[in-house]
Number of protein chains: 2
Amino acid sequence: MEVLKFPSLDSCSDALSGAINGRSCCIIGGNCRVWYTGRAESYLEFGERILFLKGDGTVIIHQKEGNAPINWMPADSVSQCFIRDFKLVILSTLPKDGQRLKVEFDRVNFLNSFRLEDGVTLVSAGSEKDMAIMLYNNPDLIEKGFKPISLEEQTAFGFIDVFGYDKNNFLVVVECKRYAASLDAVTQLRRYVEKVKSMKGIDNVRGFIAAPKISPNALKMLEGWGFKFVKVEPPKYFEDIKKKQTTLKNFG
Amino acid sequence: MEVLKFPSLDSCSDALSGAINGRSCCIIGGNCRVWYTGRAESYLEFGERILFLKGDGTVIIHQKEGNAPINWMPADSVSQCFIRDFKLVILSTLPKDGQRLKVEFDRVNFLNSFRLEDGVTLVSAGSEKDMAIMLYNNPDLIEKGFKPISLEEQTAFGFIDVFGYDKNNFLVVVECKRYAASLDAVTQLRRYVEKVKSMKGIDNVRGFIAAPKISPNALKMLEGWGFKFVKVEPPKYFEDIKKKQTTLKNFG
DNA sequence: GGGGAGAGATGCCGC
DNA sequence: GCGGCATTTCTCCCC
């Protein structure tokens with residue numbers, strides 16, 4: 001790391017303790033090793049990483065590359081820190097299940113302690129649910145004469161994206177996928193269809209997968225079960241969101 | 001944020017550009033808003049957040065709470081930054097699919113630019129694969145007389161965790177889950193069993209789910225298909241790891 | 001709180 | 001690259 005003077009481990013321990021007690025945030029960059037035990041066990045030898053402690057107890061450790069943290073602790077974790085053997089030690093534990101993390105810094109290159117003021121949540125569009133809504137409002141995308149009757153229905157037989165009748169009044173189950181439908185999507189559809197059949201005591205229930213594409217194996221299995229694939233692009237965003245959030249258009 | 005003096009947006013732009021060009025890392029804390037378009041669309045109004053740019057092109061934006069970033073860009077994203085309308089603007093694009101992120105800071109509270117030296121990878125144990133290995137080496141955990149013949153067998157229809165014969169030489173398919181087995185696990189097992197049946201042209205193939213527990217619905221479906229549940233705790237770690245990595249024992 | 005399912009999932013491995 | 005699938009998945013929704 002190209003940093004001029006390193007803060008002392010003592011001062012870091014003080015700052016970090018202050019952040020923990022005050023439920024504020026702290027970012028530490030330095031040389032450390034990491035142990036985790038809980039849902040699995042892991043050990044990471046010494047190397048330079050970033051540790052991010054949040055006010056809600058979350059701890060995130062990042063290496064120099066990659067999207068995902070190499071180690072972490074969930075919100076509500078309880079942390080403490082101290083100096084031992086000339087190292088800054090951070091211990092975090094999640095009380096409800098006992099999983100814990102230990103980090104040892106032998107050198108801290110920088111430390112920032114701060115509060116974040118932020119009460120804003122994300123506005124987004126383009127989920128699988130948005131796709132189901134689109135199909136509900138444009139049933140011909142599935143098939144001419146399709147009459148949807150419910151959306152994201154939580155039933156005793158599961159969670160069905162779009163449910164309805166075809167033009168011959170046979171029941172129709174539609175499973176949506178935003179990306180390529182996989183073998184999993186087909187088995188999921190099959191499970192719903194069979195459950196509907198047995199619950200309703202009828203034999204003719206049709207199944208559709210609506211997705212932009214489907215893997216060859218999945219298509220084979222789908223057709224083997226007498227189901228159909230309908231190519232549907234997921235919606236990017238919706239008119240109402242576009243109108244409300246004019247900022248969405250300000251991009252670029 | 002409790003920071004004494006804020007760096008100028010101009011100096012931040014310079015530092016960030018330097019980090020981008022030099023493929024080093026940069027962390028910025030400040031007040032910003034965020035647009036994303038690509039796999040979905042989203043907008044996040046002004047609020048204080050942390051932006052972390054990595055040398056591999058990864059961009060991660062964190063709010064004050066929660067484990068997951070609120071917005072991000074994958075590795076290999078290409079970023080640029082500049083000042084426009086008295087704001088620090090950061091644009092990131094992933095060339096291969098065109099997804100992009102725009103961040104506008106109207107105030108930067110702190111900025112750290114640095115390199116990370118880290119060539120170390122995680123040593124871990126306790127995955128589903130470790131569980132399959134344990135069952136392969138301790139077949140009686142599944143059933144007296146079980147003879148495993150393969151592990152994580154890759155087939156066209158998926159891969160089978162543990163595959164073998166029972167004491168009567170009937171084929172056995174075992175699906176492992178580290179946590180509670182769900183409906184999905186049962187349909188997955190069923191898919192394997194049926195595929196093995198049709199591929200081998202035999203009718204008697206047995207299915208097991210090995211997991212610490214199973215949901216009531218999943219158990220019902222499992223038994224409806226004539227399969228069996230075996231309660232197995234996932235291994236925490238292995239003797240060879242314990243021996244090689246004595247540091248694993250130094251925890252706490 | 002548990003069950004069920006999506007996610008801008010991500011990451012890994014095998015073909 | 002795609003396919004198939006686990007993940008210390010996480011998060012949300014609904015019962």
Side-chain angles (χ1 to χ4, degrees), chain A residues 36-42 58-59 61 66-75 77 94 96-101 122 124-132 152-161 175-188 191-192 213-218 234 236, chain B residues 36-42 58 66-75 94 96-97 99-101 122 124-132 152-161 175-185 187-188 191-192 213-219 234 236:
Chain A
Y36 168 77
T37 189
R39 305 208 267 216
E41 303 224 340
S42 71
T58 301
V59 180
I61 298 170
N67 204 297
I70 187 69
N71 282 109
W72 69 93
M73 289 289 285
S77 294
L94 186 64
K96 69 173 175 184
D97 67 4
Q99 64 178 295
R100 61 210 176 105
L101 181 80
L122 198 70
S124 66
S127 68
E128 187 177 292
K129 182 172 181 176
D130 292 333
M131 194 169 165
E152 302 241 309
E153 175 139 325
Q154 295 277 352
T155 65
F157 26 83
F159 177 92
I160 295 174
D161 289 336
E175 174 62 31
C176 303
K177 291 294 164 195
R178 299 188 64 240
Y179 302 113
S182 65
L183 291 173
D184 258 6
V186 180
T187 49
Q188 198 180 349
R191 173 150 53 86
Y192 296 153
K213 59 177 185 168
I214 186 167
S215 77
N217 281 344
K236 268 303 171 58
Chain B
Y36 168 78
T37 188
R39 303 211 268 219
E41 302 226 342
S42 72
T58 301
N67 204 296
I70 187 68
N71 281 108
W72 69 94
M73 289 290 285
L94 187 63
K96 70 173 174 183
D97 67 3
Q99 64 177 295
R100 61 210 176 103
L101 182 81
L122 198 70
S124 66
S127 69
E128 187 178 292
K129 182 173 180 174
D130 291 334
M131 196 169 163
E152 302 241 309
E153 175 137 326
Q154 298 278 347
T155 68
F157 41 88
F159 70 85
I160 295 174
D161 288 337
E175 173 61 32
C176 303
K177 292 293 164 196
R178 300 188 63 239
Y179 302 114
S182 66
L183 290 173
D184 258 6
T187 50
Q188 198 179 349
R191 173 153 51 88
Y192 298 153
K213 61 178 183 166
I214 186 167
S215 77
N217 281 344
L219 182 60
K236 270 301 170 60

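Just so it is clear, the structure is predicted and the values come from calculations on it, not from any experiment. Only heavy atoms go into these numbers, but all of them, side chains included; no hydrogens, no water, no symmetry mates. A note on names: the letters A, B, ... follow the listed sequences, proteins ahead of strands, and every chain is numbered from 1.
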Heavy-atom protein contacts under 4.0 Å, nucleotides 2-9 of chain D, coded B base, S sugar-phosphate only, - none: -SSSSSBS
dG4(C) versus dT8(D) - spacing of their P atoms, nearest Å: 22 Å
A218(A) versus I214(A), closest heavy-atom pair with distance: CB-CG1, 3.7 Å
With N67(A) via side chain to side chain donor-acceptor pair (under 3.5 Å) - residues at least two apart: none
Qualifying residues under side chain to side chain contact (heavy atoms under 4.5 Å, CB included), relative to T187(A), sequence neighbours excluded: D184(A), M221(A), T187(B), R191(B)
Dot-bracket pairing map - DNA chain C, Watson-Crick plus G-U, both contacts under 3.5 Å, | cross-strand: |||||||.|||||||
For D161(A), all residues meeting side chain to side chain donor-acceptor pair (under 3.5 Å), sequence neighbours excluded: none
Span that lies between the C1' atom of dA7(C) and that of dC5(D), in whole angstrom: 15 Å
Span that lies between the P atom of dG8(C) and that of dG4(D), in whole angstrom: 23 Å
Integer-rounded Å distance: dA7(C) C1' and D130(A) CG: 13 Å
Residues forming a salt bridge (charged side-chain N to carboxylate O under 4.0 Å, His left out) with R178(B), sequence neighbours excluded: none
Residues in side chain to side chain contact (heavy atoms under 4.5 Å, CB included) contact with A75(B), at least two apart in sequence or another chain: D56(B), T58(B)
Contacts of type side chain to side chain donor-acceptor pair (under 3.5 Å), residue N217(A), not counting sequence neighbours: none
For Q99(A), side chain to side chain donor-acceptor pair (under 3.5 Å) partners two or more places apart: Y36(A), D97(A)
